[in-house]
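Inspection log for the structure reproduced underneath, given as structure tokens.
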Amino acid sequence: MRVQEIPINQIRRPLFRQNDQEKVKDLMASISEIGLQEPIDVLEVDGQYYGFSGCHRYEACSRLGHETILCNVRRAPRAVLKQHLA
């Protein structure tokens with residue numbers, strides 16, 4: 001696993017999740033003040049990035065207008081992606 005900045009618009013979020021908007025607001029305030037402290041986890045499959053966790057942090061950074069987000073990137077084969085989508 002490696003940590004890197006990835007453009008937010010390159011991260012696909014294939015599973016819908018309803019976020020707690022109060023938590024998102026709190027994270028937005030924290031990220032504005034001290035930055036993102038914990039990277040989100042993404043899978044890299046065939047050069048594409050897929051996010052399944054860190055939904056609140058992802059939304060907070062998106063709403064703040066950040067172009068990139070810090071990610072823990074794990075390369076995986078398509079079979080692993082299919083397991084996440086099952």
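Nothing fancy with the numbering, it's 1 onward along the sequence.
- The salt bridge (charged side-chain N to carboxylate O under 4.0 Å, His left out) search around R75 returns E44, not counting sequence neighbours.
- For residues 59-86, the ring pair (Phe, Tyr, Trp, His ring centres under 6.0 Å) pairs, not counting sequence neighbours, are F52-H84.
- Between the CD atom in Q48 and the CG atom in L43 there is a gap of 12.5 Å [rounded to 0.5 Å].
- Judged as a salt bridge (charged side-chain N to carboxylate O under 4.0 Å, His left out), and not counting sequence neighbours, R74 has no contacts.
- Nearest heavy atom pair, residue I6 against residue I11, reads CG2-CG1, 3.8 Å.
- Remark: side-chain polar atoms of S30 are not paired, donor with acceptor, to backbone N or O of D26 under 3.5 angstrom.
- Using a 4.5 Å cut-off between side-chain heavy atoms of Ile, Leu, Val, Met, Phe, Trp and Tyr, with links allowed through other members, I40 and L15 fall into different hydrophobic clusters.
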Can you give the donor-acceptor pairs under 3.5 Å from side chains of residues 55-64 to other protein atoms, not counting sequence neighbours?
unit_1	atom_1	unit_2	atom_2	d
H56	NE2	D20	N	3.0
R57	NH1	E38	O	2.9
R57	NH1	P39	O	2.8
E59	OE1	N19	ND2	2.6
E59	OE2	Q21	NE2	3.3
E59	OE2	R63	NH1	3.3
S62	OG	Y58	O	3.0
R63	NH1	Q21	OE1	2.7

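- Remark: E22 engages K25 in a salt bridge (charged side-chain N to carboxylate O under 4.0 Å, His left out) (not counting sequence neighbours).
- Hydrophobic clustering of Ile, Leu, Val, Met, Phe, Trp and Tyr side chains at less than 4.5 Å, counting indirect connections, unites L36 with V3.
- I31 and I34 fall into different hydrophobic clusters, where Ile, Leu, Val, Met, Phe, Trp and Tyr residues are linked whenever their side-chain heavy atoms come under 4.5 Å apart, directly or through other members.
- The CD1 atom of I69 lies 13.0 Å from the CD atom of Q10; values are rounded to the nearest 0.5 Å.
- Listed here is the closest heavy atom pair of V45 and A76: CG2-O, 3.5 Å.
- Judged purely by atom type and a 3.5 angstrom limit, R13 uses its side chain to pair as donor or acceptor with the backbone of S53.
- Screening residues 30-50 for ring pair (Phe, Tyr, Trp, His ring centres under 6.0 Å), with sequence neighbours left out, gives no hits.
- Here the CD1 atom belonging to I8 is positioned 6.5 Å from the OG1 atom belonging to T68, to the nearest 0.5 angstrom.
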